[in-house]
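Worksheet: the structure to be examined is printed underneath.
Whatever order the structure lists ligands and atoms in, that order sets their numbers, starting from 1. Here, residue 1 is the first one in the sequence, and each next residue gets the next number. Predicted, not measured: the structure shown is a model, and the values here were computed from it.
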Amino acid sequence: MIIVNTDKEKYFYDIHSLVKSFYPEEDVLVFVKGSREIPEDSDVILTIDLLLKWDEGHIDAEFIKESGEKESLSMNCIKESEADSADMTDSPKNVLKRLLYQMLNKETGKDLPWGTLTGIRPVKIAMHRLLLGDDDEAIRDYMKKTYICSDEKTDLSIEIAHRENRLLEGTTDGNGYSLYVNIPFCPTRCAYCSFMSSPIGLWKGQVDRYLDCVKKEIDETAPLFKDKRLDSVYIGGGTPTTLEPYQLEKLIGWIKGAYDISKVREFTIESGRPDSITMDKLLTMKKGGVTRISVNPQTMRDKTLELIGRHHSVKQTIDAFYMAREAGFEHINMDIILGLPGEELEDVQYTMDEIGKLKPDELTVHSLAIKRASRLYDYVADHGLAGMDTTSSMMKVAEEGARNMGLSPYYLYRQKNISGNYENTGYGLGDKMCLYNIITMEETQSILALGSGSVSKRIFEGHRIERKGNPKDVKLYMENMEAGPSPMKEFFS
Ligand code: SF4
């Protein structure tokens, strides 16, 4: 266990996240102003005392190791009253994080690829500097000085920021929006799943009722957007292709009938699980104007698929991919996961080689994000399997594999509990990149999100952002929707 004592509440979460990045396996407790309640029998390996004297222009820290040995460090910062923004290199927040980083780096010997950055959208920083007019050299200098970001991640952020900037052209005038519809059903539940999704078999006879609720939301919200430009539509989940062809057809029809889709640049339906894909469904989607789909292998090793409860084979992935090509889809994404249980570097290389043969238009590389208390984690521990940790070599193999397929990185995000403290990266071929993904990452326009568990985002002038979610529980969502108006109606009014 690591204990941090601090005298101010501000940046509590930043402190916690950064310490946790150095010690992912340890519990980290942050106490403000001595509010200590250390659990009995705790094995405290490090105590950090922070004195945040930013009113006086400095921050002091003392590290007390398990052995009792102490070490102190003090750094100067801009006085809080004089710091215009937290983004300034020597703002109290950035100096605090650099001070912690320096001491923890010395203590553990670890270099974090993203330096002091702990947020989920690191590319936003490079993008912001780009929009301020900085050239690449200035951005590089800023990211290294301010966040101790590695050369590799700094360059990756800048490369992606340029690409995102180009792809977002024409969508950032304040008049555009995107539409998301959540389908919370899957063929079965994968062992590592962290989404609100349940096996469709449990909802027999209820799926049309669910879709009727989504239709109600569509009808209630469409008039609010009649003067806006719809740029992208994304039907996700879950696995939307668990819907029957007639259900897909009516959902697409409702969307096209209610919103003006004449300017839509991209219409995605996630078809993630290959065992949910049929030619009938593909042709229905193609006929309905869907332009982009996903066929997600996760790995090309059958033994791993079995272990993670995917209930489909590699052959089904390959068949589904070729079926989608035959149906006329020219923009197909494939998702893979690094750090899967039992997988080592050669398995990742094998997966990349096999996917390379299919020539997808997009590849999204995820690092496994899994809770220690999960079913899968226990299984792996009980069976003494390797894996569950993404290594930098795996990331390298995936990146090289993607680039060898002619794909370039275009979006990136990090998430909590991510294996090895790495990130998820989307790669695309030419302009075949997902606009909706970039919009969600860069938060450049409002997103109207419908269906259970979906979260709408409204962007106001001055880039103030508000969010509104629907209930995650499908039953509660349907009951609410049948009893009254969609909360999105009021949210966007
Ligand atoms: S396909 Fe995705 S959403 Fe569905 S159960 Fe598996 S991980 Fe969860």
Establish, from distance only, whether the side-chain atoms of [X] and [Y] form a donor-acceptor pair under 3.5 Å.
X      : Y      : result
Thr440 : Tyr411 : no
Thr278 : Asp280 : no
Tyr410 : Glu159 : no

Heavy-atom gap Gly238 to ligand 1 smaller than 4.0 Å: yes

Run the numbers for me: atoms of ligand 1, each under 4.0 Å from some heavy atom of [X], listed by number.
X      : value
Tyr192 : 7 (S)
Arg189 : 5 (S)
Thr188 : 5 (S)

Counting C-beta onward and ignoring hydrogens, is there a side-chain heavy-atom pair between [X] and [Y] closer than 4.5 Å?
X      : Y      : result
Glu490 : Pro485 : no
Trp114 : Tyr147 : no
Tyr259 : Lys226 : no

Ion pair check, Arg325 and Glu330, cut-off under 4.0 Å: no

Mode of Asn296 contact toward ligand 1 - side chain, backbone, both, neither (heavy atoms, under 4.0 Å): neither

Heavy-atom nearest option to atom 1 (S) of ligand 1, drawn from His311, His312, Arg273: Arg273

Nearest-neighbour protein heavy atom for atom 4 (Fe) of ligand 1, which is reported as residue plus atom name and distance: Cys186 SG, 2.2 Å

Nearest protein heavy atom with distance in Å, relative to atom 2 (Fe) of ligand 1: Phe195 CD1, 4.4 Å

Cys190 N/O/S atom closer than 2.8 Å to atom 6 (Fe) of ligand 1: yes

Presence of N, O or S from Cys193 under 2.8 Å of atom 8 (Fe) of ligand 1: yes

